[in-house]
Each structure stands twice: as structure tokens, then as C-alpha cells.
Amino acid sequence: MKKVLSVILAVFTALAVTACSEENGSLSDNPGNDFDSTLPQCEPANLPDAGNLIRQCIMKGEDGFYYTDMTMLADKNVTRALCYYDMTTQTSIPLCAKPQCMHDGNDFCVATGGGAYSFYGSLTALYNGCIYRLGADSSDAEEWKLSLLRTDLQGNELSEVATICTFKTSEDSIKPQIASALFHCGKLFAAVSDMENNAKTTLYVADIASGDVRTINMPSPEEGVTEAIGATCSDMIADGEWLYYTMRHVKEDKYHFYFEYDRTMLYRYNVRTGVTENIPAMPDIYSSFTVVHDIIYYTTVDTSNNTFSLYSYDIKKDKTEALSEKVQQECLKGEYLYQQDKVTVCTDRSYLYVCTNGMEGQYVKDNGLQSDVDFYIYDMEGKELLHGLTGMKPDSENYSYGFSAIDGTIYFNLSDYDMTGEELTGLYTVNTEDLINGKTDWTKLYVLHQYIA
């Protein structure tokens, strides 16, 4: 398989499931007085792009990196194995402490197994000293279960923290999809879309310490208006006590094609009090957003003129400010927030980064149908500091990339789709400030094998 990522997404969508079981142990919407602001917040520039949880999040340890890699198992199936890259020896090993383990998908292998759980298209993240995975168990022909699993940093054991939800299954039904997920202040927030019910999305919150799971009630559209399929909770960001999530409300005309009413709604849910607020100052249509200290940064796209603009909205001051307007590109798409090729703004809380084709995407030379692959760096007041990622311009006609930024460091995952320049493939890193000041040399870390022969 040459493009394993596409195949795995298709597999993840094609397996069976139906309506959500009422026996999943979830509690009703119940605000948490267990909210602990001393625990780590989410990394807003290290989250998967809209609708795609396969992109590699950066999991940096004290002396190396944890990551998942495509692995062929003994039964010829493909999984995302947990691995560890040691910076001193510059070698990678499976993250499994079991003696004489073959790392072939057996039930006791932390790196490749974990019993009946499948990790296709799911979230893997290092959070507060442990590695967490969202795993789907479909071993029961009549039930599909999504669980939060955890292992220590040595790979001793993969244990279940909580059951997020269960779904009834049948031979012809379609498995649900994880719309988005993140960790924040001791909790996992996961939005799961029921593909058998017009992709209706339910937002779950799991307390990592207790394993308790509850659902968050989301506002319903007004009469005559519906939720756009695939757009609910396609993007989530957490900041302080608030979880921000999106919904797109539409009204079709009599031909069920053109939208007479089209509005992207941004809500925020207070994890401590359970209060949900709408942010009415946001425009009806925008491309992406991120939040830092109650300031929303967002982008809009004018596809007719191939320009994008960057704005900030201060919630406390109720003030909108244009930071950079009508930035010209050769070709832009992604006008709507849920699209993958959108002009995406993200942040490490020190800088603002804009990726014109999303935080992950593909470049095809002389393809006028796709958006430009371009990057900008701004300070938090919107001053442009750098255009382009100096020293990271692959001389390839067909490549894919993934962008992340943590604590003032950029990580750029590059994969050559044509397999003509395998020496280019790998995860590269550079300090943001050094890059702004003219550094052109990137450090190459481990290689993610995107293809399996």
C-alpha cells in the first residue's frame, strides 16, 4: 500500500456500528468541582487538524520522543505501534517492557497489542507523565466500545482508564468517528460522531483520575435550521476553565443544495460551572481559530481573490482587531472551518503560526486545484515575524507534511510521497526564535514510515 494513511481512514470508516448504547455508564451533564487548574493545559499548536486524528502529535520526553509508527502485524493487519526515539543513541525501539516480546500484535504487547483494541485513526498523547490512547474494541460482534487507555513511559502495561461510549453494531452499520479530542487540566474531551445518525456528534468528558465519564449538552439549532454534517466539534480548543467548540448551522433551499442560512457558531463550556456561552462577535464564516487567555485568534478566507486575513477578538474587552488583512496567495481554499485545507492559525502561547493549507496537508507541484502550502509566523500582537519556513523547502514534486509547535519550538514532519527522495522523509525541528533570526539548519529526528510495501 503506497498511501497507507488514506487506506486506514477508509478502514476506520467502514467497520460496523449503529446507535449509541444507553448502557455506557455516562453521566448527564454535570459540571465538575474537580477541575484542577494546576494540571497541564492542552497544547493548542499540537492538536490534530480538523477531522483527522492520525497526524503525529509531538510527545517529547526528558531524553527522547515517543511516537506512533505504522507497523505490519503477524496477521498482516496494520496498526500504529508505540515507539520511543532515544536522542543520545539516535535509535528507535518499540515501547514495550515485556521480556522476549515479538511486538507482533499479541494481547500483552504494549507497543502493538493491547488486546482487542484498534488504534486506527485515534488519539495518542503524552500527558502528565503517561501516554494515553483512544482505542476502539470491536471484538464483540454486537457492540463497539471506545476506551481511554494508559501506559507508563516504560511500556509496562496498557490499562483501561475509562469507557467513553459504546455503540450497538450490526453487519451493515458504519462505525462512528472521533471528530476531535484533547487533554486539558486532568480531563479528556472527545467528540464522537454517530455515522448511522446523520453524523450526530456527542461531546464526552472523562476525568482521568476517577475514570468518570459524562456528556456535555450542546445547544440545539433553532427551528428550521440543521447542523451541517461533519462540522460539529470539528475543532476544539481549551483555555483556562473554558472548552471552545464549533457548530455549523445551515438551512437548505428547496433543492436541498444551496444554503439560505449558513453560520458557524462558536461556543464555550465552563468546565468548573457547567455554563455554556455563545460568542456572537465571531463572523458567520471563518476558516480556523485558536484561543489564548480569553483572546480568540481567527482567520477568514476570500477564495475569489485568494487572500486570507487574521483577526483577534478579546472576549473580556469585547473588542475585535485586524492583525493582518488580505494577505495575497496564489490559490486558497478552505473557507469553512471544518475543511482540512483551511488557512489554519495555531499557537504555542508565545507565537502565532499560520499554515495556509492546514497544519497537515500535501503539496503537488503544478496542481492548480489545491491551496498553496505556505507558512507565516506572527507575534501575539499580530506583527509578522517571518514568511516561509527558511531551510524547509523540499525539492520534491509530491510530499506531505505535518506542522506542530510547542514551547517556542517548531516540529515539521515531512514525507516524500513519490519515494524518490527518501532521505528527505523525517521529523525536523528548529527553535522558532532562531528561525526568525535567520537560522536555516533544521535538526532531523526520527523517521515516520508512512508507507508499507
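These numbers come from a predicted model, not from an experiment.
In the model, D36 has a side-chain atom that pairs as donor or acceptor with a side-chain atom of T38 under 3.5 Å. Under 3.5 Å, the side chains of T124 and R133 contain a donor-acceptor pair of N or O atoms. In this model, a donor atom of one side chain and an acceptor atom of the other lie less than 3.5 Å apart for Y353 and T432. Under 3.5 Å, the side chains of S193 and T201 contain a donor-acceptor pair of N or O atoms. A side-chain N or O of E227 and one of T232 form a donor-acceptor pair less than 3.5 Å apart. In this model, a donor atom of one side chain and an acceptor atom of the other lie less than 3.5 Å apart for S404 and N46.
Distance alone, capped at 3.5 Å, is enough to place a donor-acceptor pair between the K444 side chain and the T425 backbone. At least one donor-acceptor pair under 3.5 Å links the side chain of S288 to the backbone N or O of V345. The closest donor-acceptor contact from the side chain of D348 to the backbone of A405 lies at 3.5 Å or more, if one exists at all. Here the side chain of S287 pairs a donor or acceptor atom with the backbone of V343 at under 3.5 angstrom. Using a distance-only test at 3.5 Å, with no hydrogens or angles considered, a donor-acceptor pair links the side chain of Y66 to the main chain of L153. Using a distance-only test at 3.5 Å, with no hydrogens or angles considered, a donor-acceptor pair links the side chain of S180 to the main chain of C233. Listed for the T356 side chain is a donor-acceptor partner under 3.5 Å among the backbone atoms of D372. Judged by distance alone, the side chain of H184 and the main-chain N or O of G240 form a donor-acceptor pair under 3.5 Å. Remark: the backbone N or O of G105 is paired with a side-chain donor or acceptor of T112 at under 3.5 angstrom. No donor-acceptor pair under 3.5 Å is formed between the side chain of D434 and the backbone N or O of N437.
Taking 4.5 Å as the limit, some side-chain heavy atom of E277 sits within range of a side-chain heavy atom of W242. For the pair Y428/M392, a side-chain contact is recorded, criterion being any heavy-atom separation below 4.5 Å from C-beta on. Using a 4.5 Å heavy-atom cutoff, the side chains of V161 and Y132 are in contact. I58 places a side-chain heavy atom less than 4.5 Å from the side chain of L427. You'll find the side chain of R150 stays beyond 4.5 Å of the side chain of L158, heavy atoms only. Within the 4.5 Å cutoff, side-chain heavy atoms of L148 are placed close to those of I164. You'll find the side chain of V430 reaches within 4.5 Å of the side chain of K439, heavy atoms only. Side-chain contact between Y204 and C165 is present, with heavy atoms from C-beta onward closer than 4.5 Å.
Across every non-hydrogen atom of M87 and F65, the tightest pair is SD-CE1, 3.6 Å. The two residues I237 and P44 come nearest to each other via the heavy atoms CD1-CB, 4.0 Å. Smallest separation of non-hydrogen atoms from C96 and C101: SG-SG, 3.9 Å. Closest approach of P40 and Y127 over heavy atoms only: O-OH, 2.7 Å. For the pair T299 and Y286, the tightest heavy-atom approach, listed with the atom from each and the gap, is O-CB, 3.3 Å. When all heavy atoms are compared, the tightest approach of W144 to P176 is CZ3-CG, 3.3 Å.
Ring to ring, Y401 and F375 are close: their centroids are under 6.0 angstrom apart.
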With side-chain contact (heavy atoms from CB on, under 4.5 Å) as the criterion, how do T226 and H249 come out once you've worked through the C-alpha distance, each side chain's angles and the decisive distance to 0.1 Å? CA-CA 6 Å; T226 61; H249 294 171; over 6 Å; no
Between Y245 and Y269, does the side-chain contact (heavy atoms from CB on, under 4.5 Å) criterion hold? Intermediate values first, please. CA-CA 8 Å; Y245 62 88; Y269 170 82; 4.2 Å; yes
Which is it for Y85 and Y67 under the ring-ring contact (aromatic ring centres under 6.0 Å, His included) test, yes or no, and what are the steps along the way? CA-CA 8 Å; Y85 172 79; Y67 65 101; 7.4 Å; no
Checking side-chain contact (heavy atoms from CB on, under 4.5 Å) for the pair F403/N413: CA distance, chi angles, key distance, verdict? CA-CA 7 Å; F403 181 94; N413 181 31; over 6 Å; no
After noting the C-alpha distance and the side-chain angles of I178 and L146, does the key distance pass the side-chain contact (heavy atoms from CB on, under 4.5 Å) rule? CA-CA 10 Å; I178 307 168; L146 182 67; 4.2 Å; yes
Test salt bridge (Lys or Arg N to Asp or Glu O under 4.0 Å) on D212 and K187 and set out the steps. CA-CA 10 Å; D212 291 337; K187 300 182 186 299; over 6 Å; no
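Note that SG of C57 and CG of L126 are 11.0 Å apart. Values are rounded to the nearest 0.5 Å. With values rounded to the nearest 0.5 angstrom, D86 atom CG is found 13.0 Å from Y446 atom OH. Note that CG of L134 and OG of S147 are 9.0 Å apart. Values are rounded to the nearest 0.5 Å. With values rounded to the nearest 0.5 angstrom, Q154 atom CD is found 8.0 Å from L95 atom CG. In this structure, D235 CG and L266 CG are separated by 10.0 Å, a value rounded to the nearest 0.5 Å. Remark: F35 CZ to C185 SG distance equals 4.0 Å, nearest 0.5 Å.
Comment: K60 does not engage E43 in a salt bridge, judged by the lack of any side-chain N to carboxylate O separation of less than 4.0 angstrom.
With sequence neighbours excluded, the residues satisfying salt bridge (charged side-chain N to carboxylate O under 4.0 Å, His left out) with R248 are D262. For D294, the salt bridge (charged side-chain N to carboxylate O under 4.0 Å, His left out) partners are R268, K316, not counting sequence neighbours. Partners of E433 according to the salt bridge (charged side-chain N to carboxylate O under 4.0 Å, His left out) rule, which considers only residues two or more places apart in sequence or in another chain, do not exist here.
A cation-pi arrangement is absent between K98 and F108 under the rule of less than 6.0 angstrom and at most 45 degrees off the ring axis.
Among V205, L123, L182, the single residue meeting the side-chain contact (heavy atoms from CB on, under 4.5 Å) criterion with L188 is L123.
The aromatic rings of Y298 and Y311 sit parallel, their planes meeting at an angle under 30°, below the 60° perpendicular limit. Using the six-membered ring where Trp is involved, Y376 and H387 have ring planes that are parallel, under 30° apart on the 30 and 60° scheme.
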